[in-house]
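Below you'll find the structure, written out as structure tokens, and then a few comments.
Read the numbers this way: they start at 1 and go in the same order the structure lists the ligands and their atoms. Numbers for residues simply follow the sequence, beginning at 1.
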Amino acid sequence: MQGRTVQGIAVSPGLAVGPVHVVHAGADDTPTWNIAREEIALEIGRLANAMNAASESLEERRRLISTSTNEKDAEIFAVHRMILQDPGALREVESSIAEERINAEAAVQRLIRRFQETMGNLEGASVRGYAADVSDPWRLVLDMLQSRDREEIQQEQSKVVLASGELTPHVATYLGRERILAIVSEKGGRFSHGAVLARSMGIPCVVGIANLLPRLEQNMVIAVDGDRGEILFRPEEEQLERFLSKKRQQESRRQTLREESGHSAVTPDGVELPILVNIESVRDLDTFNGEYTDGVGLLRTEFLYMERSEFPSEEEQYRLYRRVLEHMDGRPVTLRLLDIGGDKPLPYFQTPPEQNPALGWRGIRITLQWSDLLRVQLRAMLRASPSGDLRILMPMVTSLEEIRTVHGIFDEVRKDLDRQGYETVDDLPVGAMIEVPSAVLDFERIVAEVDFVSVGTNDLVQYLLAVDRDNPWVADLYDPQHPAVVRALAQIARGAQAAGRPASVCGDIAGDPATAVLLQGLGYTSVSVAPQFVPEIKYAVRRIRATDASSFAEEALAQDTSEGVRGVLQKIRDQVDGEESSRKGA
Ligand code: PEP
Ligand code: MG
């Protein structure tokens, strides 16, 4: 029998095949997957270990409370331990595992749901309270199952395809990059932060596969085609051979591209488009050849903060920034000020729950309110500035006041450093991200007060079209080729040209080679993309004359529909391919 292919949304290119590891996103979102008959004992063993760990933890809490508070308050933990010893409940969970062949966490979740349904529906607050009480120790078992599982997989060496309910930044960084073959998920849009991160790390990725987790078993082999957005469950030998041969072909094309990547992206009529890279962490520096890029166009510093358990000190940040600058050896490095909030939470920095996180407390709004965060980061950046060509980028700018406040703090920080005898670079360029509509509409004034701009199309598209970039229900409405997006991009490029300021695009759309050509035609002076896209973009730019790129831009601007804009992008692709075949034919 042939393995089944299912279609999802292609989020990050590349082909990979390997065993699945299902990531648990949290107790309220417990994934269910099927287990093979021979895994039943293993799953029951996992359950037993988790129950022992939960029981030990309850005893520990009892001891702690009875010494720090009083014996009476500590009693509840003894009761919870007894609840876990109920043989009836244990039998129920074990038989779900064995008879329905589901994973232990799903079986425990089922028991909790049963408690709530049977007791939660009964009249009276005390009965409902009892339902909460009997479920509580089982929730702890769930936590134990999940954290133990994570510890176990982290200790292993094997490479896996991660599967999850949703592709979040947490999932994308769940294991070291070298151990992740690919990621597949039920939910998640192309431009969610998790997807952006996966692309930056070059992890093949497919999202939007309905009912994915119940179809998986831990360690089941799947093939992931991140180019076409397909996944293949349990490929048969012949299917696997076809898949691997495609993978080999793709690798050999990449090799050709790599050979060209040493050249600059100069059009046949002699116009250069610097291609910079977006990076998320210092580890990324080892994943690409610095000589093949024109610099770092966007370092998302928030990811340096995410991989930790507390805010990095000024000294730690300074060392990190200096390392990046030294690594880039005189090429520009654009460090973006912290852009946390929304779906980029820090585990150690609690922000209040929000109805509309994308419109809420994020980016510069947080750092202007908690200005110590900003001051420490600016101090670290300024101290690192003599080590290279550093530029600073402000995220989520919505008004001139924000820019002026940042400049004010920047001047104070610089004066303090001068007084303290630190060497810093004068005239450090400070730029603004253009990613909210007010910054586009007020662009003329904004560009006059900064040294450069960089367009964050991931956010700009969501705010222009009122479509949440992380909401799978509206993922198909998130349309970077919408004519309004093209017009906004043109308006920014023209405004920057008139003000004599460089303008770049660092949102993910620039990673598509045809779009990069279009952006050059619109008047952008550079693009910044995930490192793995650099060779393809150089290849395309080197084949399309700048005058043709301008004509394509005019044509795109004349379109009334997204389809029309996509048609223009296809023409660019055809011309790139045509150039290649005529070169080969000559
Ligand atoms: C963007 O919004 O396009 C961008 C580059 O920033 P981020 O994806 O980190 O919000
Ligand atoms: Mg953004």
Q. Is it the case that Asn458 and Glu435 place a side-chain donor and acceptor less than 3.5 Å from each other?
A. no

Q: With the Mg ion (ligand 2) as the centre, enumerate protein N/O/S atoms below 2.8 Å in chain and residue order.
A: Glu435 OE1, Asp459 OD2

Q. Quick one: which ligand 1 atoms are inside 4.0 Å of a heavy atom on Glu435?
A. 1 (C), 2 (O)

Q | Residue part near ligand 1, for Arg336, under 4.0 Å between non-hydrogen atoms | A | side chain

Q) Does a side chain donor of either Ser551 or Glu554 reach within less than 3.5 Å of an acceptor in the other side chain? A) no

Q: Using a strict cut-off of less than 4.0 Å between a Lys/Arg side-chain nitrogen and an Asp/Glu carboxylate oxygen, indicate whether Glu291 and Arg331 qualify as a salt bridge.
A: no

**Q.** Asp459, any N or O under 3.5 Å of ligand 1 N or O
**A.** yes

(Q) If you count every heavy atom of other residues, nucleotides or ligands that lies below 6.0 Å from Arg179 atom CZ, does the total exceed 12? (A) yes

Q) Gln462 near ligand 1, heavy-atom distance under 4.0 Å? A) no

List the atom pairs, with distances to 0.1 Å, where a side-chain N or O of residues 353-361 and a protein N or O form a donor-acceptor pair under 3.5 Å, not counting sequence neighbours.
from: Glu354; atom 1: OE2; to: Trp361; atom 2: N; distance (Å): 2.8
from: Trp361; atom 1: NE1; to: Gln369; atom 2: OE1; distance (Å): 2.9

Q.
At under 4.0 Å between heavy atoms, is it the side chain or the backbone of Asn278 that contacts ligand 1, or both, or neither?
A. neither

Q) At a 4.0 Å threshold, what atoms of ligand 1 neighbour a non-hydrogen atom of Leu298? A) 5 (C)

Q: Using the test side-chain hydrogen bond (donor to acceptor under 3.5 Å, both in side chains), find all partners of Asp459 that sit at least two apart in sequence or belong to another chain.
A: Arg362, Gln462, Arg469

Q: Kindly state each residue pair satisfying salt bridge (charged side-chain N to carboxylate O under 4.0 Å, His left out) with at least one member in residues 494-508, sequence neighbours excluded.
A: Arg199-Asp508

Q: Considering only non-hydrogen protein atoms, determine which one is nearest to atom 8 (O) of ligand 1 and report residue, atom name and distance to 0.1 Å.
A: Arg469 NH2, 2.8 Å

**Q.** Atom CZ of Arg573 with >12 non-hydrogen neighbours under 6.0 angstrom
**A.** yes

Q.
Which residue in the set Thr525, Thr293, Val527, Asp294 passes side chain to side chain contact (heavy atoms under 4.5 Å, CB included) when paired with Pro274?
A. Asp294

Q.
Please list the nearest protein heavy atom to atom 3 (O) of ligand 1 with its residue and the distance rounded to 0.1 Å.
A. Asn458 N, 2.7 Å

Q. Side chains of Leu489 and Tyr524: does their closest heavy-atom pair fall under 4.5 Å?
A. yes

Q. Considering only the protein, which heavy-atom contact is closest to atom 7 (P) of ligand 1, and what is its distance?
A. Arg300 NH2, 3.6 Å

Q. Does a donor on one side chain sit under 3.5 Å from an acceptor on the other, for Tyr305 and Glu310?
A. no

Q. For Asp508, is at least one N or O under 3.5 Å away from an N or O on ligand 1?
A. no

Q. With a cut-off of 4.0 Å, which atoms of ligand 1 are near a heavy atom of Gly456?
A. 1 (C), 2 (O), 3 (O)

